[in-house]
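First the proteins, then the strands, lettered A, B, ... as listed; each starts at 1.
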There are 2 protein chains.
Amino acid sequence: MPAPARTSIDAIVRAAADLLEADGPAGLSMQAVGARVGVRAPSLYKHVSGRGALVRLVAEDAARDLGERLDASAPFGTPPKEALGAAARALRSFAHERPAAFRLVLSPAAEEDRLDPETARRSSAAVVRIAAELAGPEHALEAARTLTAWASGFVAMELAGAFRMGGDVDAAFEFGVERIADALAG
Amino acid sequence: MPAPARTSIDAIVRAAADLLEADGPAGLSMQAVGARVGVRAPSLYKHVSGRGALVRLVAEDAARDLGERLDASAPFGTPPKEALGAAARALRSFAHERPAAFRLVLSPAAEEDRLDPETARRSSAAVVRIAAELAGPEHALEAARTLTAWASGFVAMELAGAFRMGGDVDAAFEFGVERIADALAG
DNA sequence: ACCTGAACACCGTTCAAGT
DNA sequence: ACCTGAACACCGTTCAAGT
């Protein structure tokens with residue numbers, strides 16, 4: 001007798017992402033995910049091969065979300081320096097809204113749980129385009145790396161609570177955007 | 001009857017750091033640490049209050065190591081732009097030698113496992129000093145943040161395998177150092 | 001074809017009992 | 001005063017049995 005699925009991979013990934021955001025990595029347990037979608041933990045294995053694969057799906061989903069936000073942050077034709085600021089702020093907003101997802105996507109990860117190259121490429125396409133406009137096509141890659149490194153490093157430190165020596169964090173971010181843009185435009 | 005301790009907190013922290021580097025966070029189990037230092041897992045609780053506290057001790061030890069390397073990278077009197085490059089390269093070397101420890105110290109961490117402010121301040125003192133020389137005392141904090149964000153972000157991406165679009169990663173690093181230095185001196 | 005309870009091998013942690 | 005085995009409450013995962 002065939003039995004219709006009582007849940008779906010989409011519902012499972014969404015539940016996992018919610019749990020990750022609410023309770024941290026330890027809160028993303030197979031039992032908790034099962035409870036959220038209305039099945040027992042062993043049933044999840046009909047939809048996903050294990051916890052590691054589920055975490056990876058959450059990361060890929062987050063990377064797609066981030067990539068779309070970066071694309072949308074600066075329409076074609078926006079002056080490059082302005083576009084750079086907009087992209088940096090979009091990254092920061094994403095990190096503030098979905099800090100756990102940001103950590104998943106941008107944290108230095110061990111080999112086995114890296115994003116596949118195509119997902120990584122797509123989520124950074126907008127930044128490479130902006131960098132090319134600013135620094136010239138021959139320095140596009142280095143410039144994109146410099147910008148992404150700075151922005152993700154800044155936000156990572158912010159999330160880590162590393163900016164507790166006082167001072168205005170927003171101002172430090174804008175200071176950095178300005179300086180990075182000028183440096184890349186060289 | 002008193003019984004002499006068969007292990008020590010130092011040996012335990014060292015064993016934990018080794019395991020973290022060799023087998024990743026999951027490999028740092030109380031049982032594995034116990035096996036390395038020659039006692040059973042429950043005995044570790046005579047020396048450390050739990051696994052979380054042990055991970056924190058490893059992180060503090062790594063932060064101290066990193067701080068010392070940064071201090072040593074550029075003796076007083078080194079021209080600031082040169083000192084900045086030396087500090088950035090020292091950070092990168094540390095990350096290459098102790099990638100797991102680097103992730104522990106520089107990764108965006110949840111509130112409960114952050115370094116205490118004093119440890120954080122000491123490990124970044126050298127960078128703040130260099131930034132002040134380069135950007136002037138009134139912009140020291142923002143400049144230090146920009147530099148640290150860029151360098152740690154760059155290395156984090158490097159460790160995460162995010163630089164797989166080809167190109168020379170060493171050259172990208174030097175490109176970034178140069179541009180950041182100019183931008184901060186700006 | 002999916003879901004379940006039971007089971008297995010792991011964790012971290014507690015604690016009474018040993019020396 | 002430290003160390004131990006046993007126990008407890010959790011994991012992730014497998015699998016035979018149910019529908």
Quiz item: cation-pi between Arg129(B) and Phe76(B), 6.0 Å / 45°
yes

Test the Arg92(A)-Phe173(A) pair against the cation-pi criterion, namely NZ or CZ under 6.0 angstrom from the six-membered ring centroid and within 45° of the ring axis.
yes

Of all the nucleotides listed (dC3(C), dT4(D), dT13(D)), which has the minimum atom distance to the side chain of Ser43(B)?
dT4(D)

Please check this pair: side chain of [X] against backbone of [Y], looking for a donor-acceptor N/O pair closer than 3.5 Å.
{"X": "Glu21(A)", "Y": "Ala100(A)", "answer": "yes"}
{"X": "Arg51(B)", "Y": "Leu28(B)", "answer": "yes"}
{"X": "Ser124(A)", "Y": "Val127(A)", "answer": "no"}
{"X": "Thr119(B)", "Y": "Leu115(B)", "answer": "no"}
{"X": "Ser8(B)", "Y": "Ala11(B)", "answer": "yes"}

Less than 4.0 angstrom from a charged side-chain N to a carboxylate O is my criterion; do Arg179(A) and Asp182(A) meet it?
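No, Arg179(A) and Asp182(A) are not salt-bridged.
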
Which dot-bracket string describes DNA chain D (Watson-Crick N1-N3 plus N6-O4 or O6-N4, or G-U N1-O2 and O6-N3, all under 3.5 Å; [ ] crossing; | other strand)?
||.|||||...|||||.||

Would you say Val37(A) and Arg14(A) make side-chain contact, with heavy atoms under 4.5 Å?
no

Can you list, in residue-number order, the parts of residues 20-32 of chain A that come under 4.0 Å of DNA chain D, counting heavy atoms only?
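Per residue number, the list reads Leu28(A), Ser29(A), Met30(A), Gln31(A).
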
Which of residues 44-55 of chain B have a heavy atom under 4.0 Å from DNA chain C?
Tyr45(B), Gly50(B), Arg51(B)

Just verifying a value: how many Å separate Arg103(A) CZ and Leu20(A) CG, rounded to the nearest 0.5 Å?
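Reported value, rounded in 0.5 Å steps: 9.0 Å.
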
Grab the CD1-P distance between Ile12(A) and dC2(C) for me, whole Å please.
11 Å

